[in-house]
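For reference, the structure is listed below as structure tokens.
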Protein chains: 2
Amino acid sequence: MTAGTSAPRMRADKERNRSHILEVAQEFFSEEGVSGSLDTIAKRAGVGPGTLYRHFPTREALIAALLQARYDELFDRRDVIERDEPDTARALERWLEALYDYSTAFDGLPEPLRVALFEESSPLATTCENFITATEGFLVAAQRENRAQEWVRGRDLFLGVLATAWVSGAVLADDSSAAVLQAVHKTGWMIPAT
Amino acid sequence: MTAGTSAPRMRADKERNRSHILEVAQEFFSEEGVSGSLDTIAKRAGVGPGTLYRHFPTREALIAALLQARYDELFDRRDVIERDEPDTARALERWLEALYDYSTAFDGLPEPLRVALFEESSPLATTCENFITATEGFLVAAQRENRAQEWVRGRDLFLGVLATAWVSGAVLADDSSAAVLQAVHKTGWMIPAT
DNA sequence: ACACAATACGGAGTCACACTCCGCTTCCCC
DNA sequence: GGGGAAGCGGAGTGTGACTCCGTATTGTGT
């Protein structure tokens with residue numbers, strides 16, 4: 001059989017540029033947050049802006065490509081939780097923590113993720129959908145054992161995580177608000193074990 | 001005695017321009033959200049950009065001026081709640097609803113408010129501080145009667161409200177997520193009456 | 001009523017960033 | 001190693017934030 005429909009093999013220079021841009025963008029977004037200047041990324045990568053935009057037509061596309069690696073890692077984490085966490089509420093909690101870490105990967109990341117939730121054309125949209133589906137899985141399991149409020153949905157919890165991550169983005173290093181808000185959120189959806 | 005230090009009386013044209021800019025900005029921000037183009041506001045108001053920036057040196061200053069009117073209204077609401085709501089938890093809840101309405105006044109308003117919380121130089125900063133103080137008042141009263149978790153602070157609840165408002169900013173009209181998140185938040189900080 | 005500071009105005013100008021377009025280069029296959 | 005397709009660079013365009021200074025408007029003292 002052939003290599004499959006998904007990888008028509010790239011020209012060498014294209015592939016080289018693409019991965020180099022991603023490296024540079026990774027570093028740049030880590031320093032400046034996801035709303036830093038794209039032209040600067042191109043300059044730092046030693047390519048023209050045209051090249052950057054040909055590879056990643058929008059900022060969201062670039063972010064999506066960067067998140068791809070972490071995406072796989074996140075779903076590994078999900079599998080681990082599913083495998084060795086018998087307590088359904090605790091499992092859901094751990095999954096939400098994982099999601100939180102994911103959406104805190106870069107400064108300002110929650111914003112495009114939130115937007116993507118309501119624009120199906122965004123390259124981040126399907127990513128978000130997957131997160132919601134996974135969340136829904138953990139949530140339903142917890143609800144079946146009466147360990148989560150039955151009036152919440154996966155979508156709501158995902159938005160809650162995003163909102164918490166959004167707040168953290170501006171929180172001072174010594175401020176405990178992010179932790180408190182996570183606790184409020186958790187106390188809100190969870191039903192304590194009997 | 002003289003008119004006092006606070007109002008050195010403005011030149012007629014200055015006063016006229018200032019209030020006209022505010023009218024236009026009010027309408028424009030209502031349509032486009034608080035991150036719309038300032039130059040466009042100047043154009044619509046029939047003044048040069050210089051005039052707009054002389055009156056309101058930053059976007060935050062303009063927003064702050066616009067919020068001033070609603071600010072008074074909000075604190076009236078606080079007084080009403082304080083006067084005729086004997087249930088301390090319900091009083092806090094109503095106050096948080098008022099804050100939520102306030103921070104939903106314009107599209108995108110939660111963002112500058114959040115930023116202002118961590119930049120004391122912002123003209124919105126003192127506004128935020130007042131909100132937190134007021135929230136703290138309701139919260140402490142509720143905590144004294146064991147109707148609110150003792151590990152939350154006014155600042156946390158304010159941030160929680162902002163976060164909820166932030167989510168609502170992108171929510172589809174028929175989506176109930178905003179309401180659910182508010183409920184999660186409430187369930188999180190509140191302790192049911194015995 | 002008038003002149004003359006003082007004050008405020010307007011809009012052209014600068015800078016930074018997003019994003020496009022096309023002549024030229026590089027690659028790959030025969 | 002030749003030729004056509006694929007990709008590249010960077011100059012160019014458009015928009016928005018924000019400044020600067022010559023000009024117009026205002027209020028006041030005479």
Side-chain angles (χ1 to χ4, degrees), chain A residues 2-3 7-25 28-29 31-66 106-108 111-112 115 119 121-124, chain B residues 2-3 7-25 28-29 31-66 106-108 111-112 115 119 121-124:
Chain A
T2 57
R9 192 151 118 261
M10 274 179 192
R11 243 174 70 167
D13 53 347
K14 185 175 184 182
E15 176 59 41
R16 203 183 327 126
N17 273 326
R18 186 188 147 88
S19 53
H20 186 223
I21 289 173
L22 282 175
E23 278 173 34
V24 171
F28 185 74
F29 280 165
E31 294 165 3
E32 314 264 331
V34 292
S35 45
S37 150
L38 295 186
D39 280 23
T40 302
I41 292 178
K43 198 162 293 177
R44 279 211 201 168
V47 301
T51 301
L52 190 153
Y53 284 98
R54 200 171 323 102
H55 282 282
F56 310 102
T58 64
R59 183 183 296 273
E60 287 68 42
L62 177 55
I63 296 174
L66 278 174
F106 301 113
D107 236 50
E111 185 67 47
V115 172
E119 305 214 348
S121 62
S122 168
L124 291 167
Chain B
T2 55
R9 196 153 115 260
M10 274 180 192
R11 239 173 72 166
D13 53 347
K14 185 174 184 183
E15 176 59 41
R16 203 183 327 127
N17 272 326
R18 185 187 147 87
S19 53
H20 185 222
I21 289 173
L22 282 175
E23 276 174 35
V24 171
F28 185 74
F29 280 165
E31 294 164 4
E32 314 265 330
V34 291
S35 44
S37 152
L38 295 186
D39 279 24
T40 303
I41 292 178
K43 199 163 293 177
R44 279 212 201 168
V47 302
T51 301
L52 190 154
Y53 283 98
R54 199 170 325 104
H55 281 283
F56 309 102
T58 64
R59 183 183 297 273
E60 287 68 42
L62 177 55
I63 297 174
L66 278 175
F106 300 113
D107 237 48
E111 184 68 46
V115 172
E119 305 215 347
S121 62
S122 167
L124 290 167

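Each chain gets a letter, A, B and so on, in the order the sequences are listed, and its residues count up from 1. Treat the numbers as computed from the prediction; the structure is a model and nothing was measured.
Of all the heavy atoms in A:Ala61 and A:Phe56, the pair that sits closest is O-CD2, 4.1 Å.
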Next item on the list: Evaluate side-chain contact (heavy atoms from CB on, under 4.5 Å) for A:Ile63 paired with A:Phe106, printing each intermediate quantity in order.
Entry: CA-CA 10 Å; A:Ile63 296 174; A:Phe106 301 113; 5.5 Å; no
Checklist line | Verdict with reasoning, B:Glu111 to A:Glu111, per side-chain contact (heavy atoms from CB on, under 4.5 Å) | finding: CA-CA 10 Å; B:Glu111 184 68 46; A:Glu111 185 67 47; 4.0 Å; yes
Margin query: Run A:Arg9 and A:Glu15 through side-chain contact (heavy atoms from CB on, under 4.5 Å) and show every step you take.
Written below: CA-CA 9 Å; A:Arg9 192 151 118 261; A:Glu15 176 59 41; over 6 Å; no
Notebook entry, point to check: Would A:Asn17 and A:Leu52 count as a side-chain contact (heavy atoms from CB on, under 4.5 Å) if you check the C-alpha gap in whole Å, the side-chain angles of each, and the deciding distance to 0.1 Å?
Noted result: CA-CA 9 Å; A:Asn17 273 326; A:Leu52 190 153; over 6 Å; no
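In this structure, B:Phe56 atom CZ and C:dA8 atom P are separated by 14 Å, rounded to whole Å. In this structure, the NZ atom of A:Lys43 is 17 Å from the C1' atom of D:dC8, given to the nearest Å. Atom P of nucleotide C:dA8 and atom CD1 of B:Ile21 are separated by 13 Å, given to the nearest angstrom. Counting to the nearest Å, the P atom of C:dA18 and the CD atom of A:Glu60 are 12 Å from each other. Rounded to an integer number of Å, the gap from CD1 of A:Ile41 to C1' of C:dA18 is 12 Å.
When side chains are defined from C-beta on, B:Arg18 does not count as touching B:Ile21, because their heavy atoms never get closer than 4.5 Å. Residues A:Leu62 and A:Arg59 have side chains not in contact (no heavy-atom distance under 4.5 Å, counting atoms from C-beta outward). The closest side-chain heavy-atom distance from B:Leu124 to B:Pro112 is below 4.5 Å.
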Nucleotides 18-21 of chain D: which of its N/O atoms have a protein N/O under 3.5 Å away?
| residue | atom | partner | partner atom | Å |
| --- | --- | --- | --- | --- |
| D:dC18 | N4 | B:Asp39 | OD2 | 3.3 |

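Taking only side-chain nitrogens and oxygens, B:Ser37 never comes nearer than 4.0 Å to OP1 or OP2 of D:dT15. One finds no side-chain N or O of B:His55 lying less than 4.0 angstrom from the OP1 or OP2 phosphate oxygen of C:dA8. Taking only side-chain nitrogens and oxygens, B:Asn17 comes nearer than 4.0 Å to OP1 or OP2 of C:dC9.
Of the candidates C:dA18, C:dA8, D:dC8, the closest approach to any side-chain atom of B:Lys14 belongs to C:dA8.
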Extract all donor-acceptor atom pairs below 3.5 Å that involve side chains of residues 32-45 of chain B and protein atoms in other chains or at least two apart in sequence.
| residue | atom | partner | partner atom | Å |
| --- | --- | --- | --- | --- |
| B:Ser37 | OG | B:Asp39 | N | 3.4 |
| B:Ser37 | OG | B:Thr40 | N | 3.1 |
| B:Ser37 | OG | B:Thr40 | OG1 | 2.9 |

Note to self: Can you build the contact string for nucleotides 25-30 of chain C? Use B for base contact, S for sugar-phosphate-only contact, and - for no protein heavy atom under 4.0 Å.
What the structure shows: -BSSS-
